[in-house]
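Here is the structure we will look at, set down as structure tokens.
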Protein chains: 2
Amino acid sequence: METRIEEYTVGELAKAARISVRTLHHYDAIGLLKPAHVAANGYRLYRRAEAERLQEILFYRATGMDLAQIALVLDGGDDRLDRLQAHRAKLDADAKSLAEMIQTLDRSIAVIKGDPPMALEDLYKPFAPETQADYEAWLVQTYGPTMVDEIAKAKEHLANADMEDRIDQLRQIETGLVQAYQEGQARPDALLDAHRDWVSEMWGNACPPAAYGGLAELYRNHPDFLARYEALAPGFSRWLPDAMEAYVAGLT
Amino acid sequence: METRIEEYTVGELAKAARISVRTLHHYDAIGLLKPAHVAANGYRLYRRAEAERLQEILFYRATGMDLAQIALVLDGGDDRLDRLQAHRAKLDADAKSLAEMIQTLDRSIAVIKGDPPMALEDLYKPFAPETQADYEAWLVQTYGPTMVDEIAKAKEHLANADMEDRIDQLRQIETGLVQAYQEGQARPDALLDAHRDWVSEMWGNACPPAAYGGLAELYRNHPDFLARYEALAPGFSRWLPDAMEAYVAGLT
DNA sequence: ATCGGGCCTCACGTGGCGTGAGGGTCAAGC
DNA sequence: GCTTGACCCTCACGCCACGTGAGGCCCGAT
């Protein structure tokens, strides 16, 4: 009873690792995992070294790494750590955009369900809790802390009764903008003037073009605004920031 | 001066929507967005209705929805809400698996950096904070609250000095298992007997086969365990749960 | 000799486009 | 009226990680 060297066929290895035979063929084809040798009949034969390498491959695959990167991590030189951290950064970015998608979708679902689409009052009085943080971060980064303080002061001047009036004004401006969008107007500059004035008053009588452009960016990316403007008319949430930026560009 | 009906060519629409012409061709090809009509020269011509539909498409695309689903959401009947919620559920699942990937990868990076790979003491004394929650949730779901209480009681009997001894024992068992793995042993039953005994004592002298199998599942999925066992030997983190389950299956 | 279950090599399909190749169309300037 | 350059068109292959046959060889058991 002679002891053969321990070797696995594709089927055996695939079963042990709970993957498909095709996957092993694929890894062979792209050079990621070659069999220890190929028998005369063409059969691929793997040994323990290959089985271990396969497990490593699957471990990294389970973290979402693509096969080319896995090959580099396993065979590359000293920069394993760099590559892993690069991958880690990518996962972070993915997680971030996923979180944004979820928020946007949630708002949309709420709107369709008939829940009030995040009342204007909440968006602007002064700003919703989550919105507030993003918004202030952006303000500070762009204009420094002074601006934020000024806005805070300006807001205190607005009594509640005033606020309702102002919200009504904004609603009218927005209705006009939606009409402009639906009629296909290219440059609703008069309405945007009014909008910028409105924002300006909210910000303590200052809204330089760059700030208005920044606000466009905020509208484009923030789930609360996105869902609210999308609810006004399909496509409006994407049109408005574009129009705002075109308007800013036109302010010579 | 006759007023032509407002129409956009592919290039104009693409530029306005900040997408590529190819994308419009693609949407036409799959029937997601057809031009209002095609001119005699073969040019695609879009009107405002199509422009709005495009904006809707892009809005949903930005939430990660695939084109077939978008078509259903836009053209389908009353089940818009269902489809949106189904998509929402998928995003949740994605987010969950992404979070697991990130944790696993983080542990691995920490190990490579030379940080202690999450000390055994922390994993088992009694359990790390995060691990604890998952673990208890699983225990409760599987065995009911009684079991959890019993384990808590059993743990109190273990003084700190005892604990160090026990950790040493576990380390020896694990070293043996790693050897078994690297030598390609198919059924390291004796070692797994020892391991189950060890676990059993931790759990107040009870570790039925099903519970041991459940532990295998925990090892297979939990980032802390994954990274720790992967650190012992490449591939070991995947081999061990398999071996544990085979062992359980063999307990007739 | 036959049968069932491996193993092999093509080779196309998936999704959402990118990126040419090769060729018609249109407004403007000469 | 002719050229130029910026549009437009239709194929058609490439990407990534395999799934899923199709068609055929190999091997041990009956």
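Residue numbers start from 1 in every chain, and the chains themselves are labelled A, B, ... in the order their sequence lines are given, proteins ahead of strands. Computed from heavy atoms alone, side chains included, the values below leave out hydrogens, waters and symmetry copies.
The rotation axes computed at either terminus of the helix from C:dA1-D:dT30 to C:dC30-D:dG1 lie 40° apart, taking five pairs at each end and rounding to 10 degrees.
For the pair A:S108 (side chain) and A:T104 (backbone), a donor-acceptor distance under 3.5 Å is present. Between the side chain of A:R238 and the backbone N or O of B:A17, at least one donor-acceptor pair lies under 3.5 Å. In terms of modelled atom types and a separation under 3.5 Å, the side chain of A:Q85 and the main chain of A:D82 share no donor-acceptor contact.
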*Just do the salt bridge (charged side-chain N to carboxylate O under 4.0 Å, His left out) check on B:R220 and B:E217 with the steps written out, would you?*
CA-CA 5 Å; B:R220 203 196 303 287; B:E217 267 304 295; 3.2 Å; yes
_Go through it in stages, so that I can follow the logic: the residues are B:R53 and B:D75, the test is side-chain contact (heavy atoms from CB on, under 4.5 Å), and I'd like the CA-CA distance, side-chain angles, deciding distance and then a yes or no._
CA-CA 11 Å; B:R53 183 177 169 90; B:D75 305 327; 2.9 Å; yes
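Within a 6.0 Å radius of NZ in A:K34, other residues, nucleotides and ligands contribute more than 12 heavy atoms.
Between B:D242 and A:R18 there is a salt bridge, with a side-chain nitrogen of the basic residue lying less than 4.0 Å from a carboxylate oxygen of the acidic one. Salt-bridge check for B:R88 with B:D92: passed, with a basic side-chain N closer than 4.0 Å to an acidic carboxylate O.
The two atoms that bring A:A216 and A:P241 nearest to each other are O-CB, 3.7 Å, heavy atoms only.
Remark: A:D94 pairs with no residue by the side-chain hydrogen bond (donor to acceptor under 3.5 Å, both in side chains) rule, at least two apart or across chains.
Of the residues in residues 83-93 of chain A, not one places a heavy atom less than 4.0 Å from an atom of DNA chain C. A heavy atom lying under 4.0 Å from DNA chain D marks the following residues of residues 55-69 of chain A, by number: A:R61, A:D66, A:L67. Non-hydrogen atoms lying under 4.0 Å from DNA chain C are contributed by B:S20, B:R22, B:T23, B:H26, B:Y27, all within residues 9-34 of chain B.
Comparing A:Y43 and B:G42 along DNA chain D, the residue whose closest nucleotide (by nearest heavy atom) sits nearer the 5' end is B:G42.
Side-chain contact between A:L54 and A:L24 is present, with at least one heavy-atom pair separated by less than 4.5 Å.
Of all nucleotides in DNA chain C having an atom under 4.0 Å from a heavy atom of chain A, the first and last in 5' to 3' order are C:dG6 to C:dA11.
The aromatic rings of B:F236 and B:Y181 sit tilted relative to each other, their planes meeting at an angle between 30° and 60°.
The side-chain hydrogen bond (donor to acceptor under 3.5 Å, both in side chains) test with A:R47 is passed by exactly one of A:E52, A:E7, A:E6: A:E7.
Using a 3.5 Å distance cut-off with no hydrogens or angles, the side chains of B:H195 and B:Y212 do pair a donor with an acceptor. A donor-acceptor pair shorter than 3.5 Å cannot be found between the side chains of A:Q69 and A:Y60.
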